[in-house]
Participant: 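Next up is a structure, given as structure tokens.
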Number of protein chains: 2
Amino acid sequence: MFSQSEENYLKAIFHLTTAEKNGISTNAIAEKLATKPSSVTDMIRKLSDKKVVSYKKYYGVALTNSGRKIAAYIVRKHRLWEVFLVDKLDFSWDEVHDVAEQLEHIQSPKLIQQLDQFLGYPTQDPHGDPIPDKDGNLKTIEKCLLSTLAKNDSGIFVGVDDSSSDFLQFLDRRRITLGKQIKVIEKEDFDESMLIEINSQKMTISKKIANNLYIQKS
Amino acid sequence: MFSQSEENYLKAIFHLTTAEKNGISTNAIAEKLATKPSSVTDMIRKLSDKKVVSYKKYYGVALTNSGRKIAAYIVRKHRLWEVFLVDKLDFSWDEVHDVAEQLEHIQSPKLIQQLDQFLGYPTQDPHGDPIPDKDGNLKTIEKCLLSTLAKNDSGIFVGVDDSSSDFLQFLDRRRITLGKQIKVIEKEDFDESMLIEINSQKMTISKKIANNLYIQKS
DNA sequence: ATAAATATTTAGATTAGTCTAAAAAATGAT
DNA sequence: ATCATTTTTTAGACTAATCTAAATATTTAT
Ligand SMILES: [Mn+2]
Ligand SMILES: [Mn+2]
Ligand SMILES: [Mn+2]
Ligand SMILES: [Mn+2]
């Protein structure tokens, strides 16, 4: 059994791993969890003793197979709970994360099994992120940042990079919701802003926004 | 904010209070929480500093108004989650307690508000226990132990005293479920067992069983 | 290749929650 | 009223998780 803290470390390493291919650095983990590097070193050593991470002093850390499976299961729980909150309890997509951070630590295999069924075996959470299956397998869909699209390219809005409440609320105000068709009408060289068409109307979005929207090209 | 451990102490004192009218003893709390009396003394002192219990050395402890409200809210959460598990996720009534022990500590007023609505504002949990309202008020229904009924008395089965998994499963096997009409056909003086009628059939139950079933007389 | 900057680890301290063993207070029995 | 028993508190220790400050290793820049 793993403590809540241990679970949070495993999850942080799991998420950092998808971006980095080398060992995950102590500092990166500390930043992600808002702790100090010295605390990370201590915890890494403990997780290493428990065989869920492999660790060589000064050379970063990586999940073992068993560690990856545990981490994926926590992510699975987190995302299933987010679906529950949005689909069943009328939360909006910017309100669910903090509650899911707590719910993901509830220990009960039956609970998650039944919740999954109750929700109709969803494959994605409210932010478009994939829900790992029971074995920890995560199927990622083909997607790219809106900022990488060329003029006249189009596709479907399938996910966000930044999922802060502020950004999600901004998207709500602009009626930019998951599943919508987006077409690039114009790209501005000067500030890299773009004019897009969505909901059959045109709007200008900044480079920063375009860098946080994932598109599945079509 | 209160830690999980502090919440468990408050809840234990709350539950012990309904039975006892004097101050709750250190030993009683220790037994309920499966800890040592010395640990209880330490925690009581902390809760006293936080003004949620009143405490005089050697003379037991009692909840303050604020403490009672916090404790009732934890019980509210526990029981709402039990309803969720049974009504929505097909748990049986003997499987819910341990999961609810975890879920009751999730912090999110909106979550509980929405869950309450989603469940249709239930007033009782799967074991027949009342769900405190938002202000911590608990309406108890008129009920008595089956063992106190006389021959030919009858009533409705509305709750259990012992809610261990074993006992609940026993009731399931005997088709003794909440809401059923029960009539006392015969009482045996020798061993205090009784013959009852339920589901239009007769069965004998021991004194111990009769002492754990609550009946609303009719 | 060396020095400076950065990253990581170690050493030592702190807090929450628990425990055991011993001391002190309250309760019960003669 | 005194003594024995039970209950409660205190003293001191331990573990998990964290921190700060100092030491050490690695990386980067000259
Ligand atoms: Mn989330
Ligand atoms: Mn999400
Ligand atoms: Mn329960
Ligand atoms: Mn219950």
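Scope of the values below: all heavy atoms of this structure, side chains included, with no hydrogens, waters or symmetry mates. The sequence lines fix the lettering, A, B, ..., with proteins before strands; numbering per chain opens at 1.
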Participant: What residues, two or more places apart in sequence or in another chain, satisfy ring pair (Phe, Tyr, Trp, His ring centres under 6.0 Å) together with Phe84(B)?
Facilitator: Phe84(A), Trp81(B)
Participant: Near DNA chain C, under 4.0 Å by heavy atom, which residues of residues 23-36 of chain B?
Facilitator: Thr35(B), Lys36(B)
Participant: Give me the one residue out of Leu171(A), Ile176(A), Asn212(A) that meets side chain to side chain contact (heavy atoms under 4.5 Å, CB included) with Val160(A).
Facilitator: Leu171(A)
Participant: Separation of Arg45(B) atom CZ from dA11(D) atom P, in whole Å?
Facilitator: 9 Å
Participant: What is the distance, rounded to the nearest whole Å, between atom CE of Met43(B) and atom P of dT10(D)?
Facilitator: 16 Å
Participant: Apply ring pair (Phe, Tyr, Trp, His ring centres under 6.0 Å) to His97(B) and list each qualifying residue two or more places apart in sequence or on a separate chain.
Facilitator: His78(B)
Participant: Throw together a table of side-chain donor-acceptor distances under 3.5 angstrom for residues 140-150 of chain B, partners on residues two or more places apart or in other chains.
Facilitator:
unit_1, atom_1, unit_2, atom_2, d
Ser147(B), OG, Asn211(B), OD1, 2.9
Thr148(B), OG1, Leu145(B), O, 2.6

Participant: Using the rule side-chain hydrogen bond (donor to acceptor under 3.5 Å, both in side chains), only one of Glu7(B), Lys11(B), Lys77(B) pairs with His105(B); which is it?
Facilitator: Glu7(B)
Participant: Which is it for Asn27(B) and Ser25(B) under the side-chain hydrogen bond (donor to acceptor under 3.5 Å, both in side chains) test, yes or no, and what are the steps along the way?
Facilitator: CA-CA 5 Å; Asn27(B) 269 2; Ser25(B) 77; 6.0 Å; no
Participant: If you assign Tyr55(B) and Tyr58(A) each to the DNA chain D nucleotide with the nearest heavy atom, which residue ends up on the more 5' nucleotide?
Facilitator: Tyr55(B)
Participant: Can you tell me whether the side chain of Thr41(A) and the base of dT10(C) have a donor-acceptor pair closer than 3.5 Å?
Facilitator: no
Participant: Looking at dC19(C), I'd like to know if its phosphate oxygens (OP1 or OP2) sit under 4.0 Å from a side-chain N or O belonging to Ser39(B).
Facilitator: yes
Participant: Could Asp162(B) and Lys208(B) be called an ion pair, given the rule that one side-chain N must be under 4.0 Å from one carboxylate O?
Facilitator: no
Participant: List for me each residue that meets side-chain hydrogen bond (donor to acceptor under 3.5 Å, both in side chains) alongside Gln169(A), sequence neighbours excluded, and say none if there are none.
Facilitator: Asp94(A), Ser165(A)
Participant: Expressed in angstrom and rounded to an integer, what is the separation of Asn22(A) atom CG from dT27(D) atom P?
Facilitator: 11 Å
Participant: Starting from the 5' end of DNA chain D, give me the residue, Asp42(A) or Lys57(A), whose nearest nucleotide shows up first.
Facilitator: Asp42(A)
Participant: Counting only non-hydrogen atoms, which of residues 1-18 of chain B are less than 4.0 Å from DNA chain C?
Facilitator: Ser3(B), Ser5(B), Tyr9(B)
